[in-house]
Amino acid sequence: MNKYDQNIIAIFFIVIITLFLFAYWLDINFGYGQMFLILAGGYGIYLNFKAIKKEQKPT
């Protein structure tokens, strides 16, 4: 498994676990912090896909 795939999986699990902790352990209602976390994770995944395409492009 290449480093980008590992990074995407790690981002996904970090976001899911953090949202789970916010909702059930800290009992925080869904708000701007959680929305920012989802958007930041999505942007990180987008950058990983962009890097994968850039690396595969022949030079």
Side-chain angles (χ1 to χ4, degrees):
M1 183 179 283
N2 70 25
K3 61 184 176 181
Y4 298 114
D5 291 339
Q6 290 176 346
N7 198 2
I8 290 170
I9 292 169
I11 290 171
F12 181 74
F13 281 120
I14 289 169
V15 170
I16 295 298
I17 290 170
T18 307
L19 289 175
F20 180 79
L21 290 176
F22 281 162
Y24 294 105
W25 187 52
L26 298 175
D27 199 28
I28 298 175
N29 292 332
F30 191 82
Y32 291 119
Q34 289 87 346
M35 184 60 73
F36 176 75
L37 181 66
I38 292 170
L39 291 175
Y43 185 65
I45 291 172
Y46 164 74
L47 290 177
N48 275 302
F49 281 128
K50 194 173 170 182
I52 290 170
K53 285 186 124 179
K54 188 181 212 182
E55 191 173 274
Q56 289 177 349
K57 184 189 291 186
T59 56

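Because only heavy atoms are used, hydrogens play no part in the values below, and waters and symmetry mates are left out as well, while side chains stay in.
- Within the 4.5 Å cutoff, side-chain heavy atoms of Leu37 are placed close to those of Thr18.
- Summarising the geometry, atom CG belonging to Asn7 is positioned 4.0 Å from atom CG belonging to Asn48; distances are rounded to the nearest 0.5 Å.
- Hydrophobic clustering places Phe49 together with Ile11 (ILVMFWY residues linked when any side-chain heavy atoms are closer than 4.5 Å, directly or through intermediates).
- The side chain to side chain contact (heavy atoms under 4.5 Å, CB included) test with Ile52 is passed by exactly one of Lys54, Gln56, Glu55: Gln56.
- Scanning for side chain to side chain contact (heavy atoms under 4.5 Å, CB included) contacts around Phe12 gives Ile16, with sequence neighbours left out.
- When hydrophobic clusters are built by joining Ile, Leu, Val, Met, Phe, Trp and Tyr residues whose side-chain heavy atoms come closer than 4.5 Å, directly or via intermediates, Phe13 is not grouped with Phe20.
- By the criterion of side-chain heavy atoms lying less than 4.5 angstrom apart, applied directly or through intervening Ile, Leu, Val, Met, Phe, Trp or Tyr residues, Leu39 is grouped together with Leu19 in one hydrophobic cluster.
- One hydrophobic cluster, built from ILVMFWY side chains closer than 4.5 Å, cannot hold both Tyr24 and Leu26; they sit in different ones.
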